[in-house]
Amino acid sequence: MTLWPEPPTELCPILVSPFSGVSAGYGNLGLAGPAPTSQAIGAANVTVAFALFIPNTVTFVKAWVVNGATVNGNLDIGLYDESWNLMVSTGSFVQAGASVIQEQDITDITVGPGFYYLAMALTSATATFQLSNSNVFVALTSGSNYMLSAFPLPATFAPSAFLSGLALFGLSQRPLVA
Amino acid sequence: MADWPVSGAPNRIIISPHSAAALGVEFGALASAAPASVAHGTANLARFYPFYLVEPMVVVKFWWLNGATVSGNTDVGVYAADSNGGPGTRLGSSGAVAQATINVLQENDVTDFLLGRGVYYLGISSSSATATYFSNAINVHFAKAIGWAQMASAHVLPATVTPAVLAAAIQPFFGLSGRTVLAT
């Protein structure tokens, strides 16, 4: 929460993901990223994270992910602050429901304007998600990152590499997602 | 000239779910196809799409882009986001208007009303399953992931929305306008 009045800028979408304008949406749009398809991230016990700009004070109540054609293992979805400290997470849950959106409750969290990171950890190399497997340029513009040996979401994230692709997952301000 | 310093982009004069202040970025980033003539699909179904205003705006018109078949009545309106972030109370609407001419933009005048800065939902309902609008049709789970909602038996648009699970991801090209001259 900031000490200053919020400026009259854009407002945070009800649902945020790496495809939102407040994340990597403009980058993927401007760099002609492809439509998401069912793909595996391809490594076990990793965490992926995407930069997220929150323009106004909002409260997130749910996490969600759009699964691909093969579900496997467990997931953990959460939010980090700009210093890579974990603020909230779902905790480990089973990936369930092929090719559908899956939602998971989180402890309601109110966050003020600022930079954050959306993050998802996974246990399975074969678990699939709806991924726009774009390119390193989108990765650079999106601030997407990768951390090995990081399941469940670690208390502090240590970025180790870029991830070339955007995964369709995120947080929601409203309870009805799926 | 405003009385206050400008510190952000102003509202656009015409707003639809395809606007940057709605789902335009998500549509582009998800590489959705261009709108085409698509049937509404279910009579009396209402669909809702989130958007926001960065500053107050006076709404003077609603509009929609008819497809290749016109049928029944159309109702377009705007709803406040409720305390849960979903579509809540109706703030203004066109009321039932006969869908008139194929493949053209149709507009409807309303009594001007003011919206403040905030988050809202655009809503559209049709009395006819075969009425067509230029629409995006995307993966229904992508649609859920960007905040669409729907309500059955909702023509004319109801005073308050009871959202239901989204069944079909069809997003017509429609919206509101802050200016009077739109289709001509």
Side-chain angles (χ1 to χ4, degrees), chain A residues 5-38 55-56 58-62 64-68 97-103 130 132 134 138 142 166 168-178, chain B residues 2 4-12 17 19-33 48-56 81-88 116-121 138-151 161-166 169:
Chain A
E6 293 172 0
T9 59
E10 63 181 314
L11 295 174
C12 187
I14 296 289
L15 282 83
V16 296
S17 77
F19 293 84
S20 301
V22 294
S23 184
Y26 283 109
N28 210 43
L29 175 59
L31 292 163
T37 57
S38 175
N56 58 297
V58 294
T59 300
F60 292 116
V61 301
K62 289 266 188 182
W64 55 269
V65 58
V66 182
N67 294 326
S99 303
V100 301
I101 190 169
Q102 182 179 0
E103 68 181 46
Q130 289 291 336
S132 175
S134 41
V138 175
S142 68
L166 303 183
L168 189 50
F169 76 101
L171 299 173
S172 172
Q173 298 177 59
R174 73 179 197 206
L176 179 66
V177 179
Chain B
W4 305 97
V6 175
S7 56
N11 290 330
R12 301 303 189 261
S19 300
L23 303 170
V25 176
E26 284 84 348
F27 281 143
L30 291 167
S32 63
F48 304 93
Y49 309 91
F51 73 100
Y52 63 81
L53 297 176
V54 297
E55 60 185 355
D82 66 15
S83 59
N84 288 325
R117 168 179 163 83
V119 177
Y120 301 92
Y121 282 79
I138 67 173
N139 180 310
V140 69
H141 299 287
F142 294 4
K144 291 175 180 178
I146 58 177
W148 299 9
Q150 71 173 45
M151 179 179 174
V161 176
T162 303
V165 173
L166 198 67

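We name chains A, B, ... by the order of the sequence lines, and we start the count at 1 in each one. Keep in mind that what you see is a predicted model, and the values were worked out from it rather than measured.
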Considering only heavy atoms, which portion of L53(B) lies under 4.5 Å from any heavy atom of chain A: side chain, backbone, both, or neither? backbone
For A164(B), is it the side chain, the backbone, both or neither that has a heavy atom under 4.5 Å from a heavy atom of chain A? backbone
Is any side-chain heavy atom of P163(B) less than 4.5 Å from a side-chain heavy atom of R174(A)? no
Largest heavy-atom contact set with chain B, pairs under 4.5 Å, which of V100(A), V66(A), L168(A): V100(A)
Chain B contact via T59(A) - side chain, backbone, both or neither, heavy atoms under 4.5 Å: neither
Just give me the residue among S83(B), A149(B), G147(B), A81(B) that pairs up with chain A most often, heavy atom to heavy atom, under 4.5 Å. G147(B)
Least distance between heavy atoms, G25(A) atom then A29(B) atom: O-CB, 3.6 Å
Minimum-distance pair of heavy atoms, taken over all atoms of P36(A) and L30(B): CG-CD2, 3.4 Å
Please classify the contact between P13(A) and chain B as side chain, backbone, both or neither, with a heavy-atom cut-off of under 4.5 Å. side chain
Check whether S20(A) gets within reach of chain B through its side chain, its backbone, both or neither, counting any heavy atom under 4.5 Å. both
Distance-only, no hydrogens or angles: does the R117(B) side chain make a donor-acceptor pair with backbone N or O of L11(A) under 3.5 Å? no
Using non-hydrogen atoms and a 4.5 Å limit, figure out which bit of Q130(A) sits close to chain B: side chain, backbone, both or neither. side chain
Nearest non-hydrogen partners of P34(A) and A31(B), listed with the distance: C-CB, 3.9 Å
